[in-house]
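Below: one structure, written as structure tokens.
Quick note on labels: first sequence line is chain A, next is B, and so on, each numbered from 1. Fair warning: this is a prediction, and the values are worked out from it, not measured in the lab. Note: hydrogens, waters and symmetry copies are ignored here, and every other heavy atom, side chains too, is used.
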Number of protein chains: 2
Amino acid sequence: MKVSNILYICTMNYEEAKIKFVSTWGSLGTLWGINKAMAQIQALLFVSTKPLSMEDIMEQLKISRGNTSMNLRQLMDWGIVTKEIIPGERKEYFTTEKNVQELARTIAKERSRREIQPVIKVLKEVSSIKDDGTEKTKELIKQTKALYELTETADDMINKLVNHKQNWITKSLFKLIK
Amino acid sequence: MKVSNILYICTMNYEEAKIKFVSTWGSLGTLWGINKAMAQIQALLFVSTKPLSMEDIMEQLKISRGNTSMNLRQLMDWGIVTKEIIPGERKEYFTTEKNVQELARTIAKERSRREIQPVIKVLKEVSSIKDDGTEKTKELIKQTKALYELTETADDMINKLVNHKQNWITKSLFKLIK
DNA sequence: ATAAACTTTCAATAATTATTGAAAGTTTCA
DNA sequence: TGAAACTTTCAATAATTATTGAAAGTTTAT
């Protein structure tokens with residue numbers, strides 16, 4: 001690590017740190033097929049001490065009203081952001097799940113449902129074609145079946161890990177696996 | 001499931017099944033931040049009984065020479081595709097890792113290195129800012145620290161699962177977790 | 001050394017995906 | 001009821017990302 005970086009870290013203040021966190025989370029999202037604004041809105045809510053209005057979000061992230069509205073809806077569809085009604089206020093306010101374990105659980109469940117399950121379905125279909133005895137058909141069946149099994153097992157595993165309500169960040173569980 | 005789909009599945013032949021597999025794997029790639037051509041090339045090699053040349057890949061996927069070349073290089077950078085030299089042949093031939101466990105291991109390791117580690121670094125930096133006593137700073141530190149711990153643990157866990165050379169698709173491991 | 005058989009590179013272009021902003025829609029309050 | 005305060009929608013546009021294809025580069029064989 002360069003000395004300049006170390007100095008920078010040591011002098012990072014609240015605003016800088018927050019911006020760094022939100023923007024990094026945003027690019028991570030992009031890398032994982034989640035759009036930047038969506039990831040940034042979630043990040044912003046995640047470190048906010050109180051619910052934020054659409055105005056707040058628009059202003060802090062410098063994004064349009066439409067963009068904010070659409071991405072908040074998506075986050076609500078994913079089940080990780082909720083509307084908060086503040087008595088006496090006309091505006092809508094938003095919060096995200098603050099518990100990282102719960103957050104991970106929800107995301108894993110949704111991704112499984114939206115992305116993994118459809119693939120598992122196709123793998124099952126493809127691996128179930130009639131074996132006509134040719135080498136290439138045998139290979140297709142064999143390989144897609146292996147992929148099917150791996151995908152299903154990995155999916156099950158992630159869901160089990162993540163559904164394990166009790167703190168799954170435990171040394172004991174590690175020991176069993178390692 | 002609609003009746004028409006059932007009929008389709010039942011009558012899927014080798015070519016149809018292969019196309020369905022390759023294109024599904026391609027869209028899955030897109031969804032996960034991997035480009036379509038790259039995912040499709042890997043899928044094609046994965047079910048092929050013999051190494052394929054650039055011509056073969058171009059023809060089967062209907063993509064350009066440049067695209068094929070660039071994506072093959074990326075797959076080689078990821079370590080999941082290798083050049084095969086066939087004696088007496090001038091052309092280069094390519095194969096992918098055929099063992100799903102090994103494939104998963106390599107992908108997990110690379111994704112961790114490329115994507116998870118940099119995020120862990122930022123989370124560590126941000127969660128290490130000086131606590132100035134304000135509520136918002138305390139929240140930023142608390143939440144990014146929680147995310148840091150979760151991310152690191154999840155990353156460790158995946159690597160351990162996946163590095164577990166012995167068949168990690170075992171009923172016994174499941175029992176321990178569930 | 002050179003020509004044929006290949007592969008790589010990269011600027012141009014196409015395709016896809018995200019974002020804007022204003023009009024339309026909704027809710028609340030007087 | 002109506003108008004103010006808000007949110008949603010969506011066609012247009014911008015930004016990003018993938019793809020092409022031809023020129024440049026490389027390797028091999030004679």
Side-chain angles (χ1 to χ4, degrees), chain A residues 22-45 51-78 81-96 114-115, chain B residues 22-45 51-78 81-96 114-115:
Chain A
V22 171
S23 68
T24 303
W25 210 243
S27 6
L28 179 76
T30 303
L31 219 48
W32 283 81
I34 286 153
N35 108 355
K36 190 177 129 200
M38 186 171 153
Q40 288 192 343
I41 292 172
Q42 200 275 327
L44 193 62
L45 293 172
L52 299 181
S53 68
M54 243 170 64
E55 302 286 344
D56 294 335
I57 296 168
M58 286 166 62
E59 191 191 314
Q60 293 203 44
L61 299 181
K62 283 147 181 53
I63 59 177
S64 72
R65 190 175 295 283
N67 200 3
T68 308
S69 171
M70 286 166 104
N71 284 108
L72 276 170
R73 164 200 279 281
Q74 279 214 75
L75 285 164
M76 289 188 285
D77 287 348
W78 272 72
V81 161
T82 46
K83 258 184 205 164
E84 200 89 345
I85 287 141
I86 296 193
E89 287 270 15
R90 190 81 167 265
K91 277 186 199 134
E92 294 178 325
Y93 283 80
F94 301 89
T95 43
T96 190
R114 293 165 189 240
E115 297 162 16
Chain B
V22 171
S23 68
T24 303
W25 211 244
S27 5
L28 179 76
T30 303
L31 219 49
W32 283 80
I34 287 154
N35 106 357
K36 191 177 127 199
M38 186 171 154
Q40 288 192 342
I41 293 171
Q42 199 276 326
L44 193 61
L45 293 173
L52 300 181
S53 68
M54 241 171 64
E55 300 287 345
D56 294 334
I57 295 168
M58 284 167 62
E59 192 190 313
Q60 293 202 45
L61 299 181
K62 283 146 181 56
I63 58 178
S64 72
R65 189 174 296 282
N67 201 2
T68 308
S69 171
M70 287 167 104
N71 285 106
L72 276 170
R73 164 199 279 283
Q74 279 214 75
L75 285 163
M76 288 188 286
D77 287 349
W78 271 71
V81 162
T82 46
K83 258 184 204 163
E84 200 88 346
I85 288 141
I86 296 192
E89 287 271 13
R90 191 79 167 266
K91 278 186 198 133
E92 294 177 326
Y93 284 79
F94 301 89
T95 43
T96 190
R114 293 164 189 240
E115 297 163 15

Sequence neighbours left out, what passes salt bridge (Lys or Arg N to Asp or Glu O under 4.0 Å) with [X]? Give chain and number order.
X	result
A/Lys83	A/Glu92
A/Glu89	none
A/Arg114	A/Glu110

Which ones in residues 29-37 of chain B lie close to DNA chain C, meaning a heavy atom under 4.0 Å from one of its atoms?
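Heavy-atom cutoff 4.0 Å gives B/Thr30.
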Among residues 64-72 of chain A, which ones have heavy-atom contacts with DNA chain C below 4.0 Å?
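Residues of residues 64-72 of chain A that come under 4.0 Å of DNA chain C are, in numerical order, A/Ser64, A/Gly66, A/Asn67.
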Under the side-chain contact (heavy atoms from CB on, under 4.5 Å) test, residues paired with A/Ile34 that sit two or more places apart
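For A/Ile34 the side-chain contact (heavy atoms from CB on, under 4.5 Å) partners, ignoring immediate neighbours, are A/Met38, A/Ala39, A/Arg111.
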Partners meeting side-chain contact (heavy atoms from CB on, under 4.5 Å) with B/Ala43 (sequence neighbours left out)
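B/Phe21, B/Val22, B/Trp25.
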Mind checking what makes side chain to side chain donor-acceptor pair (under 3.5 Å) contact with B/Thr95, not counting sequence neighbours?
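B/Thr95 satisfies side chain to side chain donor-acceptor pair (under 3.5 Å) with B/Thr82, B/Glu84 only.
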Check: residues 67-74 of chain A side-chain donor-acceptor pairs under 3.5 Å, at least two apart:
from, atom 1, to, atom 2, distance (Å)
A/Thr68, OG1, A/Ser64, O, 2.7
A/Asn71, ND2, A/Asn35, OD1, 3.2

Show the nearest heavy-atom pair for residues A/Ser53 and A/Lys91, with the distance to one decimal.
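Scanning both residues, the minimum pair turns out to be CB-CD, 3.7 Å.
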So which atom in A/Trp32 and which in B/Glu115 form the shortest heavy-atom distance, rounded to 0.1 Å?
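Result for this residue pair: NE1-OE1, 3.4 Å.
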Tell me the salt bridge (Lys or Arg N to Asp or Glu O under 4.0 Å) pairs involving residues 56-72 of chain A, sequence neighbours left out?
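As it turns out, the salt bridge (Lys or Arg N to Asp or Glu O under 4.0 Å) pairs with a partner in residues 56-72 of chain A, which skip direct neighbours, are A/Glu55-A/Arg65.
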Atom pairs under 3.5 Å, N or O on each side, protein against nucleotides 26-30 of chain D: can you list them with distances?
from, atom 1, to, atom 2, distance (Å)
D/dT28, O2, B/Arg90, NH2, 3.1

Distance from B/Leu61 atom CG to B/Leu44 atom CG, nearest 0.5 Å?
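Those atoms lie 5.0 Å apart.
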Between CD1 of B/Ile57 and CD1 of B/Ile63, what distance do you get to the nearest 0.5 Å?
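Going from the CD1 atom of B/Ile57 to the CD1 atom of B/Ile63 covers 7.5 Å.
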Between which nucleotides of DNA chain C, 5' to 3', does chain A make heavy-atom contacts below 4.0 Å?
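Footprint of chain A along DNA chain C, 5' to 3': C/dA18 to C/dT28.
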Go ahead and name the base partner of C/dA22; Watson-Crick or wobble counts if both distances stay under 3.5 Å, otherwise write none.
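By the stated definition (distances under 3.5 Å), D/dT9 pairs with C/dA22.
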